[in-house]
Visitor: 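Sharing a structure below in structure tokens format, with a few things to ask.
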Amino acid sequence: MREEQRPVIRIAPSILASDFSALGQECRAMEQAGADMLHVDVMDGHFVPNLTLGPGVVRCIRPHVRLPLDVHLMLTSPERYAAAFVQAGADTVTYHVEAETDAAALLRDLHALGVRAGLVLRPATPAEAVFPLLAEADVVMVMTVEPGFGGQKFMPAMLPKIAAIRAEAQRIGRPALDIEVDGGIDLSTVEDVVRAGANLLVAGSALFGA
Ligand code: DX5
Ligand code: ZN
């Protein structure tokens with residue numbers, strides 16, 4: 001990749017690892033520490049075996065920071081809730097290609113609502129699953145752990161998937177596509193994911209634990 005085509009590297013702390021009883025304060029602390037956006041994990045207890053938060057919590061966070069909110073929907077039916085998260089203040093909404101929804105239609109709907117939209121892949125899902133939508137998506141997120149919980153160990157087997165998506169983005173003339181990674185990102189894994197082609201780095205326990 002030529003240097004001028006490489007997208008800027010940005011850090012998105014995941015509030016999943018924060019103290020939910022002091023969420024506003026935790027978000028402001030991440031903004032002051034230099035975060036580029038805040039990553040908000042939404043789980044429905046069905047698509048993943050855990051529950052987190054809904055649009056009401058996003059609405060509560062919104063006035064505390066100027067940072068963009070990157071909302072990661074781990075939902076079986078993301079199309080049912082996506083607009084509510086946009087109304088609550090989401091700037092980017094990502095959802096899983098494995099969800100039971102028309103992924104292309106949801107990308108269009110989110111763009112019509114004026115936000116960035118992207119697709120997420122579970123570890124078992126191959127890179128090729130997002131290739132047909134790569135021209136439309138603003139971001140593709142590669143899960144580097146099984147979604148559902150923070151604090152898990154990074155899966156190095158995901159590195160070729162990141163590289164394959166970056167190569168395909170180059171091939172179709174979208175060198176600046178955001179490739180996001182989520183799960184187990186810390187000082188010991190950041191270099192590998194960036195070298196593979198990721199530029200948007202989610203980190204929960206590595207940042208909020210520190
Ligand atoms: C997991 C979530 C992640 C999680 C990452 O399902 O999507 O965003 O918060 O946490 P760490 O960085 O601790 O692996
Ligand atoms: Zn996430």
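All ligand and atom numbering here is 1-based and tracks the order in the structure. Counting from 1, the numbers follow the sequence of the chain as shown.
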Visitor: Output, by chain and residue number, all protein N/O/S atoms separated from the Zn ion (ligand 2) by less than 2.8 Å.
Guide: His39 NE2, Asp41 OD1, His72 ND1, Asp182 OD2

Visitor: Would you say His46 has more than 12 foreign heavy atoms packed within less than 6.0 Å of its NE2?
Guide: no

Visitor: Considering residues at least two apart in sequence or located in another chain, which fulfil the side-chain contact (heavy atoms from CB on, under 4.5 Å) criterion with Phe149?
Guide: Pro49, Asn50, Gln152

Visitor: Say whether, by atom type as modelled, one donor and one acceptor occur between the side chain of Arg62 and the main chain of Val65 under 3.5 angstrom.
Guide: yes

Visitor: Find the distance between CG (Leu121) and CD (Glu128) and round it off to the nearest 0.5 Å.
Guide: 9.5 Å

Visitor: Say you draw a straight line from CD1 of Ile15 to NE2 of His39; how long is it, rounded to the nearest 0.5 Å?
Guide: 9.5 Å

Visitor: Give one line per pair: atom of ligand 1, protein atom, distance. Only N/O to N/O under 3.5 Å.
Guide:
| unit_1 | atom_1 | unit_2 | atom_2 | d |
| --- | --- | --- | --- | --- |
| ligand 1 | 6 (O) | Gly148 | N | 2.7 |
| ligand 1 | 7 (O) | Asp41 | OD1 | 2.9 |
| ligand 1 | 7 (O) | His72 | ND1 | 3.3 |
| ligand 1 | 7 (O) | Asp182 | OD2 | 2.7 |
| ligand 1 | 8 (O) | His39 | NE2 | 3.4 |
| ligand 1 | 8 (O) | Asp41 | OD1 | 3.1 |
| ligand 1 | 8 (O) | Asp41 | OD2 | 2.8 |
| ligand 1 | 8 (O) | Asp182 | OD1 | 2.6 |
| ligand 1 | 8 (O) | Asp182 | OD2 | 3.0 |
| ligand 1 | 9 (O) | Ser14 | OG | 2.8 |
| ligand 1 | 9 (O) | Asp41 | OD2 | 3.0 |
| ligand 1 | 12 (O) | Gly204 | N | 2.7 |
| ligand 1 | 13 (O) | Gly151 | N | 2.8 |
| ligand 1 | 13 (O) | Ser205 | N | 3.0 |
| ligand 1 | 13 (O) | Ser205 | OG | 2.4 |
| ligand 1 | 14 (O) | Gly184 | N | 2.8 |

Visitor: If you group Ile, Leu, Val, Met, Phe, Trp and Tyr whenever their side-chain heavy atoms sit less than 4.5 Å apart, what else falls in with Phe47?
Guide: Leu16, Met43, Val48, Met74

Visitor: What I want to find out is whether Glu31 reaches Arg28 closely enough, with some N-O distance under 4.0 Å, to be called a salt bridge.
Guide: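 Answer for the salt bridge query: no.
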
Visitor: For atom CD of Glu100, is the number of surrounding heavy atoms from other residues, nucleotides or ligands below 6.0 Å larger than 12?
Guide: no

Visitor: CD1 of Ile11 to CG of Leu201: how many Å apart, nearest 0.5 Å?
Guide: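 Separation between the atoms: 4.5 Å.
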
